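Structure, as structure tokens:
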Amino acid sequence: MIRLDFWEKTNLLAVIALIGIPALTLAEFIIIHSLNPWLPIINTLVFILVWHLFIKSKKVTLQHIRFKNPLTSPLLWVFILQLIVIIVLFSAYLALPDVDPYHWIKAYSQKFNHSPLDQLPQRPLFHTLIYILNQTLHIPLIIVFKNIIPLLSLTTLLPIWLVARRFSSKLQQITLLLVPGFSPSLLLNTQMGTPQAMLIILTIYFVFLLIYAHLTSQKIWHYLAGVIMAIAILYHGLALVMFSVWLIATAWHSRHRLAGLMSLLVVFIAAIPYLTAYLPQIISDIRFNLMFPASFTTIDGVPNGWPGLVGFIQYYTFYLGLSVPIFLLAALYLFLVRAAYRKRIISHLTSSSTYLTLTLGFTFFFSISEILPRLFNVAILPDRAWIFGALSSIVFLIILMTSQNQKFNWLYLILIFAAFINIAGAIYINNLKKHLIPDYAITSARWISANLPDTSLVLSDKGPDYLDLYVNQNLPEIGTASCW
């Protein structure tokens with residue numbers, strides 16, 4: 001018998017919207033080799049019918065929960081805060097916050113409007129999601145990437161609230177609800193119209209559904225988290241890492257340990273393209289680099305660095321944030337000096353697939369972020385790795401929160417204050433991007449499109465990454481300038 005309450009149902013519906021409908025539409029494309037704007041509507045109706053039959057079945061019992069005054073709920077106030085922050089971020093300037101979304105818009109504009117889709121596209125589930133938003137719902141691509149995808153990050157409050165409501169302390173609830181603001185990098189990356197933004201959103205679902213499964217002893221949420229991350233691979237290949245650690249931990253704590261671990265062969269085969277792409281570069285220049293992050297070379301061969309003490313502080317303040325190191329240091333301190341706390345952590349790791357999954361995930365991304373760049377001179381996006389390392393580390397915060405003999409109200413107040421500093425930092429960094437593509441450039445492009453004939457010739461010192469999205473004229477590139 002499956003028992004679901006309102007918030008559990010809401011989370012299931014959100015998962016269906018984010019991965020269920022796009023995945024079914026993608027499966028249909030693979031079978032019939034064609035996409036139709038009506039397909040997602042039909043798929044939605046199918047999901048509604050299946051959901052209705054599921055709810056009405058005798059195997060499901062709906063639990064009624066008593067709603068308290070919503071004005072006193074931390075969920076409402078954090079939702080309002082996050083909504084305001086998102087609007088402030090995407091309203092800061094007319095352009096998109098990065099160049100990558102313009103590349104995706106250009107590619108999808110050509111595929112949707114000019115060339116028929118005859119093969120599986122890159123990042124197929126992201127492609128399908130954009131197709132649904134643009135071709136089925138008729139939302140312009142520029143709005144999808146600038147507004148809709150950032151607003152989708154609001155749904156991360158749903159799985160977080162599943163866990164947060166288990167705690168009676170308002171400070172604990174607010175601390176967890178502010179997780180999307182635990183670092184400026186984490187917050188800003190969910191606001192970009194890229195496959196990575198969707199992966200981060202789904203990773204938050206993954207982490208908190210795993211924790212919820214442990215707190216409630218309901219394995220269904222553990223397996224749902226695994227399904228989410230398996231499908232998320234079609235959004236971004238990095239999901240393969242989290243799915244792998246989930247598979248290892250689940251197999252280790254199951255009766256069929258050998259069979260589960262053998263299934264990692266499938267994951268390894270899926271990872272071969274990534275290994276063959278990066279392994280030659282990794283082994284070509286293995287050496288110590290204790291100067292990281294002051295000086296390092298990325299996996300693409302681009303020199304990079306944050307020199308000096310100021311650069312060091314800026315690097316970790318932006319990519320790691322203030323909140324994560326605070327509770328990690330608190331957890332490490334208790335692990336070293338409190339024998340009872342140490343035994344509790346070890347007990348969780350040996351008895352809970354949830355804690356083992358997230359600990360393995362944290363260990364992997366910590367290695368990518370801090371160990372490989374210093375000991376082997378291997379810098380495989382160490383900055384981005386901290387986003388997923390930070391999300392995996394939430395397991396240590398949960399262990400602190402569930403310590404019955406300890407009250408850490410002072411720690412939660414510090415974490416809440418640190419989260420607000422992170423959010424303010426994200427807004428500050430976002431405002432600095434005004435100078436990348438100034439408003440006057442886009443305003444000029446729109447004026448040119450509206451007032452000049454198609455035969456006009458216009459020179460610009462800006463590249464074609466964004467200009468041809470606002471004008472109808474052909475835009476060949478000549479040297480460093482662009483012209484119509």
Side-chain angles (χ1 to χ4, degrees), residues 98-100 103 122-123 126 182-186 188-190 192 194-204 206-207 229-230 232-248 264 267-307 311-312 314-321 324-325 328 357-393:
D98 203 79
V99 175
D100 284 352
H103 295 161
Q122 186 183 19
R123 308 283 165 78
F126 187 69
F182 266 20
S183 81
S185 178
L186 170 60
L188 290 178
N189 272 276
T190 60
M192 293 184 186
T194 60
Q196 182 173 298
M198 294 305 303
L199 174 60
I200 295 172
I201 290 171
L202 293 176
T203 301
I204 294 176
F206 173 75
V207 168
M229 203 44 58
I233 296 171
L234 300 176
Y235 269 118
H236 197 292
L238 190 58
L240 195 62
V241 173
M242 297 304 290
F243 178 67
S244 298
V245 297
W246 176 88
L247 200 59
I248 292 171
L264 284 173
V267 176
F268 176 77
I269 293 172
I272 288 177
Y274 299 96
L275 295 176
T276 54
Y278 292 112
L279 195 58
Q281 301 175 42
I282 291 174
I283 64 177
S284 64
D285 189 26
I286 294 180
R287 56 184 172 83
F288 287 106
N289 181 17
L290 301 181
M291 295 300 295
F292 177 87
S295 176
F296 63 96
T297 301
T298 67
I299 194 66
D300 299 318
V302 179
N304 206 337
W306 298 66
F312 180 89
Q314 289 176 335
Y315 178 86
Y316 284 104
T317 302
F318 178 70
Y319 291 113
L320 180 56
V324 175
L328 283 181
T357 297
L358 297 179
T359 302
L360 289 175
F362 173 76
T363 303
F364 176 88
F365 287 112
F366 179 81
S367 300
I368 295 294
S369 300
E370 301 298 321
I371 297 177
L372 292 184
R374 288 183 170 87
L375 300 186
F376 301 96
N377 194 37
V378 176
I380 309 175
L381 300 175
D383 46 3
R384 295 186 185 181
W386 257 126
I387 295 175
F388 300 95
L391 291 175
S392 299
S393 71

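No experiment lies behind these values; they were computed from the predicted model shown.
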Listed by chain and number, what are the side-chain contact (heavy atoms from CB on, under 4.5 Å) partners of Leu360, not counting sequence neighbours?
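By the side-chain contact (heavy atoms from CB on, under 4.5 Å) rule, Leu360 matches Val245, Ile248, Leu356.
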Check step by step if side chain to side chain contact (heavy atoms under 4.5 Å, CB included) holds for Tyr315 and Asp383.
CA-CA 8 Å; Tyr315 178 86; Asp383 46 3; 4.1 Å; yes
So, do Trp306 and Phe318 have ring centers that fall under 6.0 Å from each other?
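Ring centres of Phe318 and Trp306 not closer than 6.0 Å.
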Residue pairs fulfilling salt bridge (charged side-chain N to carboxylate O under 4.0 Å, His left out) with at least one residue in residues 357-376, sequence neighbours excluded:
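Only Glu370-Arg374 qualify under salt bridge (charged side-chain N to carboxylate O under 4.0 Å, His left out).
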Within a strict 4.5 Å, meaning less than it, do heavy atoms of the Leu238 and Phe365 side chains meet?
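Leu238 reaches Phe365 side chain to side chain.
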How about Phe364 and Ile368: do any of their side-chain heavy atoms sit closer than 4.5 Å?
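Yes; the side chains approach each other to less than 4.5 Å.
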Out of curiosity, [X] [atom1] to [Y] [atom2], how far, rounded to the nearest 0.5 Å?
X      : Y      : atom1 : atom2 : answer
Thr190 : Ile200 : OG1   : CD1   : 6.5 Å
Phe243 : Ile233 : CZ    : CD1   : 6.0 Å
Ser183 : Trp386 : OG    : CH2   : 10.5 Å
Tyr319 : Asn189 : OH    : CG    : 8.5 Å
Leu290 : Leu375 : CG    : CG    : 7.5 Å
Asn377 : Phe288 : CG    : CZ    : 11.0 Å

Tell me the closest heavy-atom pair linking [X] and [Y], and the distance in Å.
X      : Y      : result
Tyr235 : Pro195 : O-CB, 3.2 Å
Asn289 : Pro373 : CB-O, 3.4 Å
Ser392 : Met242 : OG-CE, 3.6 Å
Thr317 : Pro184 : O-CD, 3.4 Å
Leu199 : Ala232 : CD1-CB, 4.3 Å
Ala390 : Val324 : CB-CG2, 3.7 Å

Could you walk me through whether Ile387 and Gln196 pass the side chain to side chain contact (heavy atoms under 4.5 Å, CB included) check?
CA-CA 11 Å; Ile387 295 175; Gln196 182 173 298; 4.2 Å; yes
Start with the C-alpha gap between Leu391 and Leu186, add the side-chain angles, then the distance that decides, and say whether side chain to side chain contact (heavy atoms under 4.5 Å, CB included) holds.
CA-CA 9 Å; Leu391 291 175; Leu186 170 60; 4.1 Å; yes
Output, in order, the C-alpha distance, side-chain angles, deciding distance and verdict of side chain to side chain contact (heavy atoms under 4.5 Å, CB included) for Met229 and Trp246.
CA-CA 9 Å; Met229 203 44 58; Trp246 176 88; 6.0 Å; no
Quick one: side chain to side chain donor-acceptor pair (under 3.5 Å) pairs with a partner in residues 358-369, sequence neighbours left out?
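Listed once each, the pairs would be none.
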